[in-house]
Amino acid sequence: MSNDFRPKSDFLVTLQERGYIHQCSDLAGVDEKAKAGELVAYIGFDCTAPSLHIGSLVQIMMMRWLQKTGGKPVPLMGGGTTQVGDPSGKDESRKLLSLDQIGANKEGIKQVFAKFLTFGEGKTDAFMTDNAEWLGALKYIDFLREVGRHFSVNRMMAMDSVKMRLERDQELSFIEFNYMCLQAYDFVELNRRHGINLQMGGSDQWGNIITGMDLGRRMGRPQLYALTSPLLTTASGAKMGKTASGAIWLNADMLPVYDYWQYWRNTEDADVGRFLRLFTELPMDEIRRLENLGGAEINEAKKILANEATAMLHGREGAEAAADTARKTFEEGVLASSLPTIEVTQAEYAAGIGMLTAFVKAGLVPSTGEARRQIKGGGLRVNDVAVSDERALLAASDLTAEGVVKLSLGKKKHILLKPV
């Protein structure tokens, strides 16, 4: 974003000071629309999993700020485009899902948006739509004649999403090659149906979004706009949303609330200020105070980050329960019954569960090989005692008075194993 541009709308002022903006097709144009209360923006979410993960949270927060500052957000479900597969940022073709799988995933994803946006019939109320409504009804030859003729294969081949795949000698299927045509058409169709004039997304979507803007111009639509956010990595270079033990999902049935809280609590020191800006609604003065804390005090800022980010998704009560569990576990040494729990049958436990299997089953390590590596480094513990024998079995003597076994990876990740 240009350092010379001084926005007048609350929307762009907020996005600018909190670090949401990577590229914008026309800052002045978007600012004018936002200030007049005429900004209607969408972000597309393909239905490739039963939940979104925190890699999508920046875009969700952008829609939340749009609504809070007088604009209208529209989350678009990709019931149609998921059938094709987006090649952006992918080294290989994504497995094609059945319509039933896509439908089930869509229902899971929908749950998240009600936590962040207000839906209804009012001017700034959000509504959800699905591109299967129009993509499913397309007569493909008619589509190619009406829409496809506006696309240059030369320009499409120069797109990063296509070029990178070809440069790495990874196959790009013809069906994927159509994805940018369909996404561009979404923008035009949403403008035609609902007056949407802005598409937002991550920076890897820039090429697709401006292709939609260009298609709108060629097909005689009013001026359309593009706005992207930076793709986030942590200070150490790790991709947001991924950990050694898996994705940080936004649905509680995919990731326990406590684990979500712990993810934010374990933020690297250098990321605290940036994450407070992006993932909480704390006032900027308070964020500046917290990010300037030094030494051990930075841990208090991390707890505030964890509390605020978790409360936004899972409610204040859920955040406070997770914080209380962490306090009992780490500061008081108490076995907190509210730690994430996995269940096994009494018969399975009595037959003997190997250490390696137990830690994989708990999701603390992805494989038995990684469990062995962690044991050699002293990283795995049972009831706070380091595991030294990888061939050992969990025994009746390992059950605590509460009837559980506490499995730990390092000092911060804990799961209770409970025979039932």
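Since we're looking at a predicted model, the values are computed, not measured. Hydrogens, waters and symmetry mates play no part in the numbers below; they use all other heavy atoms, side chains included.
When every heavy atom of Lys302 is checked against every heavy atom of Arg265, the shortest pair comes out as CD-O, 3.5 Å. Between Leu290 and Ile298 the shortest heavy-atom distance is O-CD1, 4.0 Å. Arg274 and Ala235 get closest at one heavy-atom pair: NH2-N, 4.1 Å. For the pair Ile109 and Ala49, the tightest heavy-atom approach, listed with the atom from each and the gap, is CD1-O, 3.5 Å. Between Gln16 and Pro7, the closest heavy-atom pair is OE1-CD, 3.3 Å. Nearest heavy-atom pair, Thr280 versus Trp65, reported as atom, atom and distance to 0.1 Å: O-CZ2, 4.2 Å.
Using a cutoff of 4.0 Å between basic side-chain nitrogens and carboxylate oxygens, Glu308 and Arg316 are scored as salt-bridged. Electrostatic pairing of Asp384 and Arg381 does not count as a salt bridge here, judged by no charged N lying under 4.0 Å from a carboxylate O.
Residues His22 and Trp206 fail the side-chain proximity criterion, which asks for heavy atoms closer than 4.5 Å. Residues Glu189 and Glu133 are not in side-chain contact: their nearest non-hydrogen atoms beyond the backbone lie 4.5 Å or more apart. In this structure, the side chains of Leu135 and Asp186 come closer than 4.5 Å at one or more pairs of heavy atoms. Annotation: side chain of Leu356 is in contact with side chain of Ile375 (closest heavy-atom distance under 4.5 Å). A 4.5 Å side-chain heavy-atom check between Lys413 and Gln262 finds every atom pair outside the cut-off. Residues Phe5 and Leu12 have side chains in contact (heavy-atom distance under 4.5 Å, counting atoms from C-beta outward). Residues Lys72 and Phe127 are in side-chain contact: their nearest non-hydrogen atoms beyond the backbone lie under 4.5 Å apart. In this structure, the side chains of Leu52 and Trp249 stay at 4.5 Å or more apart for every pair of heavy atoms.
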Audit row: Met240, Phe279, side-chain contact (heavy atoms from CB on, under 4.5 Å) steps and yes/no: CA-CA 12 Å; Met240 283 288 292; Phe279 302 114; 3.8 Å; yes
From CA spacing to verdict: side-chain contact (heavy atoms from CB on, under 4.5 Å), Met254, His53: CA-CA 10 Å; Met254 298 276 287; His53 60 66; over 6 Å; no
Candidate pair Val272 and Leu293, rule side-chain contact (heavy atoms from CB on, under 4.5 Å), full reasoning: CA-CA 10 Å; Val272 171; Leu293 294 176; over 6 Å; no
Let me see the working for Leu380 and Met355 under side-chain contact (heavy atoms from CB on, under 4.5 Å), right down to the final yes or no. CA-CA 9 Å; Leu380 300 186; Met355 289 293 176; over 6 Å; no
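With a 6.0 Å radius and a threshold of 12 heavy atoms from other residues, nucleotides or ligands, Lys115 has its NZ atom above the threshold.
Formation of a donor-acceptor pair under 3.5 Å by the Thr267 side chain with backbone atoms of Asp271 is not found in this model. One N or O on the side chain of Arg64 and one on the backbone of Phe116 form a donor-acceptor pair closer than 3.5 Å. No side-chain donor-acceptor contact under 3.5 Å links Lys33 to the backbone of Leu39. Counting only distance, with no hydrogens or angles, the side chain of Asp130 and the backbone of Gly79 share a donor-acceptor pair below 3.5 Å. For the pair Asn251 (side chain) and Gly108 (backbone), a donor-acceptor distance under 3.5 Å is present. For Asn292 (side chain) and Arg288 (main-chain N/O), a donor-acceptor pair under 3.5 Å exists by modelled atom type. A donor-acceptor contact shorter than 3.5 Å is absent between the side chain of Asp31 and the backbone of Leu27. Remark: the backbone N or O of Ser98 is paired with a side-chain donor or acceptor of Gln101 at under 3.5 angstrom. A donor-acceptor distance shorter than 3.5 angstrom exists from the side chain of Asp398 to the backbone of Ala395, with no hydrogens or angles considered. Under a 3.5 Å cut-off, the side chain of Thr211 and the backbone N or O of Ala184 do not form any donor-acceptor pair.
Side-chain atoms of Gln199 and Gln205 include no donor-acceptor pair closer than 3.5 Å. Side-chain polar atoms of Asn307 and Trp264 form no donor-acceptor pair below 3.5 angstrom. Judged purely by distance below 3.5 Å, without hydrogens or angles, the side chains of Gln59 and Ser229 pair a donor atom with an acceptor atom.
With rounding to the nearest 0.5 angstrom, the OH atom of Tyr185 is 9.0 Å from the CG atom of Leu215. Rounded to the nearest 0.5 angstrom, Leu99 CG and Lys106 NZ are separated by 10.0 Å. One finds the CZ atom of Phe119 at 9.5 Å from the NZ atom of Lys110 (value rounded to the nearest 0.5 Å). Within the model, atoms CD1 of Ile304 and CD1 of Ile287 stand 10.5 Å from one another, a figure rounded to the nearest 0.5 Å. Expressed to the nearest 0.5 Å, how far CG of Asp10 lies from NZ of Lys68 amounts to 11.5 Å. Atom OH in Tyr225 sits 5.5 Å away from atom CG in Asp26 (nearest 0.5 Å).
Between Trp261 and Tyr258, the ring planes lie parallel to each other; the angle is under 30°, not in the 30° to 60° tilted range.
Tested against Met62 for a side-chain contact (heavy atoms from CB on, under 4.5 Å), the candidates Leu227, Leu57, Ile21 yield a single pass: Leu227. For the side-chain contact (heavy atoms from CB on, under 4.5 Å) with Leu76, the lone residue among Thr129, Asp46, Thr81, Ile196 that qualifies is Thr129.
Here His194 and Tyr42 keep their ring centres 6.0 angstrom or further from each other.
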